[in-house]
Structure formats: C-alpha cells, structure tokens
> 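One structure coming up, written as structure tokens, with questions to follow.
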Amino acid sequence: MSAVESVFSWPTRVYWEDTDAGGLVYHAQYLAFLERARTEWVRALGYGQDGLRRDHGLLFVVAGMQIGFLKPARLDDALEVTVELRRCRRASLIFAQTVRRGEETLIGAEVRVAAVDAEHLRPCAIPPALFAQLQAQEVQAGRDD
C-alpha cells in the first residue's frame with residue numbers, strides 16, 4: 001500500500017440523474033459522492049473493496065455521519081470530493097470529507113466507518129498490517145501538509 005496525499009481528491013460531474021426537479025443535486029446523492037470518493041481513496045492505497053473482503057475478510061460500513069449542506073450543486077457542475085482520514089482506531093475510521101465546486105465548499109461531512117467481519121457482519125479489529133498502513137494516512141485536524 002502506498003501513501004497518498006494527506007487530502008485525497010476525487011473529481012466528479014453532476015449528471016441529470018443526480019438532480020431533482022429544480023436542477024439541484026438531490027440531497028441523498030451527496031452520500032453517493034462521498035462513498036465513491038472513500039472507495040477511490042482505498043483503491044489509491046492499493047486496496048479495492050472486493051480485495052479487502054477477499055484477502056482480509058473485512059468490510060467497512062458507514063456507522064454514522066454528520067453532514068452540513070452549505071450551498072447547492074447544479075446540473076453539469078464539476079465537483080471535487082475530498083477525503084481525509086482523521087482518526088484510525090482498532091475497529092473504526094473517522095473521515096472528514098467535503099464536496100467543492102472550485103474554491104466553494106458545498107457540503108462538509110464527518111463520516112464514521114466501522115470494520116466488520118465480512119461473513120458475520122459483526123464489528124472486528126482491522127488486521128495489524130492494514131491498521132498500521134491506515135494509521136500512516138491519518139491527518140490531524142487543522143494540519144495543511
């Protein structure tokens with residue numbers, strides 16, 4: 001697993017199916033944007049979701065989320081979705097994420113993800129080698145490097 005930049009950024013565009021009747025991104029679609037960015041963050045570290053399940057018997061599931069909607073995104077907007085690992089615990093991860101349009105922050109979210117055993121879907125410890133690799137990606141709040 002290689003190190004990624006402290007703030008991972010995943011580009012996306014707003015398509016027709018992402019919007020409501022008013023042409024604004026439907027609020028639930030932001031969850032999909034956040035999920036896809038976290039999935040790409042894990043992939044950039046050298047792990048696909050299926051590989052985590054197959055090789056480690058591990059799944060990451062969203063256990064909680066706080067989200068602040070600041071400004072709407074619109075049809076055809078080019079967006080950047082950021083991912084920062086703020087805390088790595090033995091059986092959970094806490095991410096800070098944003099959705100931005102240029103320099104404008106449209107939403108901010110804190111996402112708590114739990115590690116669960118793929119077979120029984122019960123909380124489990126992250127395997128030691130993977131845990132060490134994830135800990136190396138931890139970004140302290142307020143740090144810009």
Side-chain angles (χ1 to χ4, degrees), residues 1-19 24-74 76-145:
M1 177 194 252
S2 60
V4 295
E5 292 186 28
S6 61
V7 178
F8 178 83
S9 182
W10 177 73
T12 192
R13 184 167 298 279
V14 176
Y15 296 100
W16 184 259
E17 68 265 18
D18 300 324
T19 63
L24 303 176
V25 170
Y26 181 65
H27 70 279
Q29 188 58 32
Y30 289 104
L31 302 180
F33 295 159
L34 297 174
E35 177 73 27
R36 291 175 190 163
R38 287 191 313 277
T39 296
E40 294 303 325
W41 178 83
V42 169
R43 188 182 320 276
L45 294 174
Y47 293 95
Q49 295 288 351
D50 192 51
L52 287 173
R53 182 191 53 76
R54 183 186 60 247
D55 300 338
H56 298 282
L58 178 73
L59 298 174
F60 286 117
V61 297
V62 173
M65 182 180 293
Q66 292 182 316
I67 188 167
F69 296 93
L70 305 173
K71 295 180 180 182
R74 293 174 166 44
D76 288 330
D77 280 352
L79 305 176
E80 292 288 328
V81 186
T82 65
V83 178
E84 292 181 56
L85 178 59
R86 287 290 173 87
R87 181 174 285 154
C88 182
R89 295 182 174 158
R90 292 301 301 154
S92 66
L93 306 170
I94 297 176
F95 292 96
Q97 291 192 259
T98 63
V99 175
R100 295 182 178 179
R101 178 182 50 225
E103 296 299 314
E104 282 184 296
T105 299
L106 306 181
I107 71 161
E110 181 178 278
V111 183
R112 187 169 42 90
V113 176
V116 298
D117 174 89
E119 186 176 345
H120 302 104
L121 301 179
R122 291 189 181 111
C124 68
I126 299 167
L130 177 57
F131 180 71
Q133 292 168 326
L134 289 170
Q135 271 193 316
Q137 302 305 314
E138 211 171 35
V139 175
Q140 299 303 314
R143 204 172 91 188
D144 292 331
D145 56 354

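Below, each value reflects all heavy atoms present in this structure, side chains not excepted, and no hydrogens, waters or symmetry copies. By convention here, the first residue in the shown sequence is residue 1. Predicted, not measured: the structure shown is a model, and the values here were computed from it.
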> Please check this pair: side chain of Arg13 against backbone of Asp76, looking for a donor-acceptor N/O pair closer than 3.5 Å.
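Looks like yes, one N/O pair under 3.5 Å.
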> Just verifying a value: how many Å separate Phe8 CZ and Gln97 CD, rounded to the nearest 0.5 Å?
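Reported to 0.5 Å precision, the distance equals 10.5 Å.
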> Applying side chain to side chain contact (heavy atoms under 4.5 Å, CB included) to Thr19 and Leu24, what does each step give before you reach the verdict?
CA-CA 5 Å; Thr19 63; Leu24 303 176; 5.9 Å; no
> Under the criterion side chain to side chain contact (heavy atoms under 4.5 Å, CB included), which of Val25, Leu70, Leu34 is the partner of Ile107?
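Filter result, single survivor: Leu34.
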> Under a 4.5 Å cut-off applied to non-hydrogen side-chain atoms, are Arg89 and Arg87 in contact?
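Sidechains of Arg87 and Arg89: in contact.
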> Below 4.5 Å, heavy atoms only, C-beta onward: do Glu138 and Arg86 meet side chain to side chain?
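Not in contact.
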> Can you pull the salt bridge (charged side-chain N to carboxylate O under 4.0 Å, His left out) pairs that have at least one residue in residues 108-117, sequence neighbours excluded?
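Listed by first then second residue: nothing to list.
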> Side chain to side chain contact (heavy atoms under 4.5 Å, CB included) for Leu45 and Gln133? Distances and angles first, verdict last.
CA-CA 9 Å; Leu45 294 174; Gln133 292 168 326; over 6 Å; no
> Scan side-chain atoms only and decide if Thr105 and Thr98 contain a donor-acceptor pair under the 3.5 Å cut-off.
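No, Thr98 and Thr105 have no side-chain donor paired with an acceptor closer than 3.5 Å.
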> Are side-chain heavy atoms of Val111 and Arg38 found at a separation under 4.5 Å?
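Contact flag for Val111/Arg38 side chains = yes.
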> With side chains defined as the heavy atoms from C-beta onward, is the minimum distance between Val116 and Val61 less than 4.5 Å?
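They are in contact (side-chain heavy atoms under 4.5 Å apart), so the answer is yes.
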> How close do Phe33 and Val81 get, heavy atom to heavy atom, and via which atoms?
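Where Phe33 meets Val81 most closely, the heavy atoms are O-CG1, 3.8 Å.
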> Nearest 0.5 angstrom please: Thr39 OG1 to Phe60 CZ, how far?
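Rounded to the nearest 0.5 Å, the OG1-CZ separation comes to 11.0 Å.
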> Name all residues meeting the salt bridge (charged side-chain N to carboxylate O under 4.0 Å, His left out) criterion together with Arg90; count only those two or more places apart in sequence or in a different chain, and write none if there are none.
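Expected list: none.
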> Report yes if some heavy atom in the side chain of Leu52 is under 4.5 Å from a heavy atom in the side chain of Leu130; otherwise report no.
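They are in side-chain contact.
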> For residues Ile126 and Leu134, determine if any side-chain heavy atom of one lies less than 4.5 Å from a side-chain heavy atom of the other.
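Yes, close enough: below the 4.5 Å cut-off.
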> Applying side chain to side chain contact (heavy atoms under 4.5 Å, CB included) to Tyr47 and His56, what does each step give before you reach the verdict?
CA-CA 10 Å; Tyr47 293 95; His56 298 282; 3.4 Å; yes
> Using only heavy-atom distances, determine whether the side chains of Glu80 and Ser9 contain a donor-acceptor pair under 3.5 Å.
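Glu80 vs Ser9: donor-acceptor pair found between side chains.
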> Between the main-chain N or O of Tyr15 and the side-chain N or O of Asp18, is there a donor-acceptor pair closer than 3.5 Å?
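Yes, the answer is positive, given that a donor and an acceptor are paired below the 3.5 Å cut-off.
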> Before you tell me yes or no, could you show the steps for Leu59 and Leu121 under side chain to side chain contact (heavy atoms under 4.5 Å, CB included), namely the whole-Å CA-CA distance, both residues' side-chain angles and the distance that decides it to 0.1 Å?
CA-CA 8 Å; Leu59 298 174; Leu121 301 179; 3.7 Å; yes
> Are the side chains of Leu58 and Cys124 in contact, using a 4.5 Å heavy-atom criterion?
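In short, these two side chains touch, coming nearer than 4.5 Å.
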> If the threshold is 4.0 Å, N to carboxylate O, is there a salt bridge linking Arg74 and Asp77?
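Salt bridge absent between Arg74 and Asp77.
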> Indicate, with yes or no, if the rings of Phe95 and Trp41 have centres closer together than 6.0 Å.
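Yes, the ring of Phe95 comes within the 6.0 Å limit of the ring of Trp41, centre to centre.
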> Is any side-chain heavy atom of Trp10 closer than 4.5 Å to a side-chain heavy atom of Val83?
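No, their side chains stay 4.5 Å or more apart.
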> Any chance CD of Glu17 has more than 12 other-residue heavy atoms, nucleotides or ligands included, within less than 6.0 Å?
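Yes.
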